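What follows is a set of notes on a single structure, which appears directly below.
Owing to the predicted nature of the structure, the values given are computational and were not obtained by experimental measurement.
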Amino acid sequence: MEYMNTAPAAPSASADEPRWLTDEEQRVWRSYIEAATLLEDHLDRQLQRDAGMPHVYYGLLVKLAEAPRRRLRMTELAMSAKITRSRLSHAVARLEKSGWVRREDCPSDKRGQFAVLTDEGQEVLRRHAPGHVDAVRQAVFDRLTPQQQKSLGEIMRIVAEGLQPSGAGADLPWLR
């Protein structure tokens, strides 16, 4: 297993030796993976059951609802959602078939397109947001103290910031 420490923990590893996770780091990492997987599955099942869409599609509708004039360039939407342009294109095609999103050409850039939340898409969000926020609250926030919530937010911001390098060599989903 890639995270297994097969050697005793050493204060410093040589240049050739991996920095294996300590027992405590392994416990934290595995708890995170288990919780993240179960949470995503829980939210996905709730939205599939109640709204007929996966969690990632719901997130796209929310991003569009929060955007000025309920529209974003496709590249901005991919960046905001942290997904590849290919995955976004597929998702938007499915949302278009449902009548919840439409694409519009960008007048200033002939290659660019906007994703626009339709009135029907806005209504879908209005109907299903209460059930979704209830699922999030029950799964996460009702289980944590206010201090734990604050700590979780700070930790996730630090991790997210560290995974978004800038520059020409950055390999981020929305650049693929």
As an exercise, state the distance from NZ of Lys150 to OG1 of Thr145, rounded to the nearest 0.5 Å. 11.5 Å

Any side-chain heavy-atom pair from Gln48 and Arg45 closer than 4.5 angstrom? no

Correct closest heavy-atom pair for Leu43 and Ala135 would be CD2-CB, 4.0 Å

Just so I know, are the side chains of Leu64 and Val116 near enough to count as touching, which here means a heavy-atom distance under 4.5 Å? no

Applying the side chain to side chain contact (heavy atoms under 4.5 Å, CB included) test to Val101, which of Leu60, Leu77, Leu61 qualifies? Leu61

Those residues at least two apart in sequence (or on a different chain) that pass side-chain contact (heavy atoms from CB on, under 4.5 Å) with Arg103 are Met74, Ser89, Val92, Ala93, Glu96, Gln113

Grouping I, L, V, M, F, W and Y whenever their side-chain heavy atoms are under 4.5 Å apart, do Trp100 and Leu47 come out in a common cluster? yes

Is there a side-chain contact between Pro107 and Phe114 in this structure, where contact means two heavy atoms from C-beta onward sitting under 4.5 Å apart? yes

Quick one: do Leu152 and Ile158 end up in the same hydrophobic cluster if we chain Ile, Leu, Val, Met, Phe, Trp and Tyr together by side-chain heavy atoms under 4.5 Å apart? no

For atom CZ of Arg49, is the number of surrounding heavy atoms from other residues, nucleotides or ligands below 6.0 Å larger than 12? yes

Can you tell which of Val56, Ile83, Thr75 makes a side chain to side chain contact (heavy atoms under 4.5 Å, CB included) with Leu88? Ile83

Might you confirm whether atom CZ of Arg127 has over 12 heavy atoms from other residues, nucleotides or ligands at distances under 6.0 Å? yes

What is the minimum heavy-atom distance between Ala139 and His42, and which atoms define it? CB-CD2, 3.8 Å

Is it true that the side chains of Asp134 and Gln138 contain a donor and an acceptor less than 3.5 Å apart? yes

Nearest 0.5 Å, please: how far is OH in Tyr57 from CG in Asp44? 10.0 Å

Are Trp20 and Val28 co-members of a hydrophobic cluster defined by side-chain heavy atoms under 4.5 Å apart? no

Inspect the surroundings of CD in Glu34 and state if more than 12 heavy atoms from other residues, nucleotides or ligands are less than 6.0 Å away. no

Does Gln147 form a side chain to side chain contact (heavy atoms under 4.5 Å, CB included) with Ser151? I'd like the steps, not just the answer. CA-CA 6 Å; Gln147 183 56 48; Ser151 295; 3.4 Å; yes

Residue set satisfying ring pair (Phe, Tyr, Trp, His ring centres under 6.0 Å) with His128, at least two apart, ordered chain then number -> none

Working note: Met53 + Val124, criterion side chain to side chain contact (heavy atoms under 4.5 Å, CB included); need CA distance, chi angles, decisive distance, verdict. CA-CA 10 Å; Met53 75 178 93; Val124 165; 3.4 Å; yes

Once rounded to the nearest 0.5 Å, what's the spacing between atom OG of Ser31 and atom CD of Gln26? 11.5 Å

With clusters defined by side-chain heavy atoms of hydrophobic residues (ILVMFWY) lying less than 4.5 Å apart, directly or transitively, does Leu38 cluster with Val136? no

Give a yes or no on whether a salt bridge exists between Asp23 and Arg27, defined as a side-chain N under 4.0 angstrom from a carboxylate O. no

CD of Glu120 to CG of Leu95: how many Å apart, nearest 0.5 Å? 11.0 Å

Any salt bridge linking Asp119 with Arg102? Criterion: basic side-chain nitrogen under 4.0 Å from a carboxylate oxygen. no

Partner residues of Glu66 under the side-chain contact (heavy atoms from CB on, under 4.5 Å) criterion, sequence neighbours left out: Val62

Working to the nearest 0.5 Å, report the span between CZ of Arg157 and CD of Glu154. 6.0 Å

To the nearest 0.5 Å, what is the distance between CZ on Arg70 and CG on Leu125? 9.5 Å

State, without any angle test, whether Asp50 and Gln46 hold a side-chain donor-acceptor pair at a distance under 3.5 Å. yes

Criterion side chain to side chain donor-acceptor pair (under 3.5 Å) on Arg126 and Gln122, from CA distance to verdict: CA-CA 6 Å; Arg126 188 196 65 72; Gln122 183 72 34; over 6 Å; no

Arg71 atom CZ: more than 12 heavy-atom contacts under 6.0 Å: yes

Hydrophobic cluster identity match, Tyr58 and Val133, side-chain contacts under 4.5 Å: no

Hey, does the side chain of Thr37 reach the backbone of Ile33 with a donor-acceptor pair shorter than 3.5 angstrom? yes

